[in-house]
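In this text, all values refer to a predicted model and were calculated from it rather than measured experimentally.
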Amino acid sequence: MGLFYDTSLWVFLFLTVVLAGGGGYLSGKAIAATWRTPWQVLPVAVVLGAAARFMHFALFGGTLTALQYLAVDALVVLALALLGYQRGRAIQMTGQYAFLFRAAGPFGWQRRPDAATA
């Protein structure tokens with residue numbers, strides 16, 4: 001048993017990071033695509049974290065009610081969901097407002113120097 005996982009590291013990486021985190025990342029991008037606030041990522045991440053904890057319990061005999069592991073699962077999913085949200089918003093801003101903004105890395109945007117200021 002580790003500090004962040006209760007079954008094995010590989011199970012944690014696959015179930016929590018890849019499956020639930022990937023779902024969180026895509027959910028964050030979907031929330032950004034509908035111009036919602038980043039706070040709406042939180043309930044999605046909590047539900048996906050709880051689903052990951054249930055999969056640990058049902059498939060691999062992990063503990064279901066340990067708040068420590070539930071919090072770790074939810075925080076990992078939340079981090080990846082916020083990352084997906086930021087990536088989705090950066091794509092939106094540079095695509096929708098290409099005359100005002102340009103990409104500044106994969107997760108950011110900046111105002112174009114030649115853009116008119118109001």
Side-chain angles (χ1 to χ4, degrees):
M1 295 182 103
L3 182 63
F4 299 116
Y5 55 89
D6 59 345
T7 51
S8 77
L9 178 63
W10 297 110
V11 170
F12 172 77
L13 290 175
F14 179 70
L15 282 181
T16 302
V17 177
V18 174
L19 288 182
Y25 181 85
L26 293 175
S27 297
K29 280 184 73 173
I31 290 171
T34 56
W35 294 96
R36 296 182 185 168
T37 61
W39 294 107
Q40 294 184 353
V41 171
L42 182 64
V44 172
V46 170
V47 169
L48 285 173
R53 177 71 356 223
F54 179 75
M55 286 189 291
H56 280 281
F57 167 72
L59 297 175
F60 298 101
T63 55
L64 180 63
T65 58
L67 290 178
Q68 171 189 358
Y69 299 131
L70 177 63
V72 167
D73 289 346
L75 287 175
V76 167
V77 173
L78 178 64
L80 290 170
L82 287 173
L83 198 68
Y85 180 88
Q86 187 63 29
R87 176 66 180 147
R89 185 55 51 97
I91 290 171
Q92 266 183 318
M93 294 300 284
T94 57
Q96 184 88 17
Y97 303 109
F99 59 95
L100 285 177
F101 301 109
R102 66 178 178 196
F107 300 104
W109 61 92
Q110 63 185 8
R111 182 174 289 277
R112 289 186 176 276
D114 58 343
T117 58

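L15 and L9 sit in two unconnected hydrophobic clusters of ILVMFWY residues. Membership requires side-chain heavy atoms under 4.5 Å apart, directly or through other members. The hydrophobic clustering, which links ILVMFWY residues whose side-chain heavy atoms are closer than 4.5 Å, places L13 and V72 together. Under the 4.5 Å side-chain heavy-atom criterion for grouping Ile, Leu, Val, Met, Phe, Trp and Tyr, L100 is connected to W35 within one hydrophobic cluster. Cluster annotation: V76 is not connected to V41 through the hydrophobic network of ILVMFWY side chains, with a link wherever side-chain heavy atoms come within less than 4.5 Å. Hydrophobic clustering (side-chain heavy atoms under 4.5 Å, transitive across Ile, Leu, Val, Met, Phe, Trp, Tyr) keeps F12 apart from F60.
Residues F101 and W109 approach most closely at CD2-CD1, 3.6 Å, considering heavy atoms. Of all the heavy atoms in T63 and R53, the pair that sits closest is O-NH1, 2.9 Å. The two residues A52 and A20 make their nearest non-hydrogen contact at CB-CB, 3.7 Å. Pairing each heavy atom of S27 with each of L48, the nearest pair is OG-CD1, 4.2 Å. Contact record, A32 with G88: CB-C, 4.0 Å, taken as the closest heavy-atom pair.
The side-chain heavy atoms of D6 and Q68, taken from C-beta on, include no pair separated by under 4.5 Å. Between L42 and L78 the shortest side-chain heavy-atom distance falls below 4.5 Å. No side-chain heavy atom of T16 sits under 4.5 Å from any side-chain heavy atom of Y5. Proximity of Y85 to Q40: side-chain heavy atoms (C-beta onward) are nowhere separated by under 4.5 Å. Side-chain contact check for R87 versus Y25: some heavy-atom pair is nearer than 4.5 Å. Two residues are said to be in side-chain contact when any heavy atoms from C-beta on lie closer than 4.5 Å; F107 and L83 meet this criterion. With contacts defined as side-chain heavy-atom distances shorter than 4.5 Å, the pair P113/R102 qualifies.
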Practice prompt. With side chain to side chain donor-acceptor pair (under 3.5 Å) as the test, would you mind laying out the steps for Q86 and R89 before giving the verdict?
Written response: CA-CA 5 Å; Q86 187 63 29; R89 185 55 51 97; over 6 Å; no

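Taking Ile, Leu, Val, Met, Phe, Trp and Tyr as members and joining any whose side-chain heavy atoms lie under 4.5 Å apart, directly or through other members, the hydrophobic cluster of F57 also contains F54, L64.
Side chain of T34 to backbone of I31: a donor-acceptor contact under 3.5 angstrom is found.
In this structure, CG in L75 is found 11.0 Å from CG in L80, a value given to the nearest 0.5 Å.
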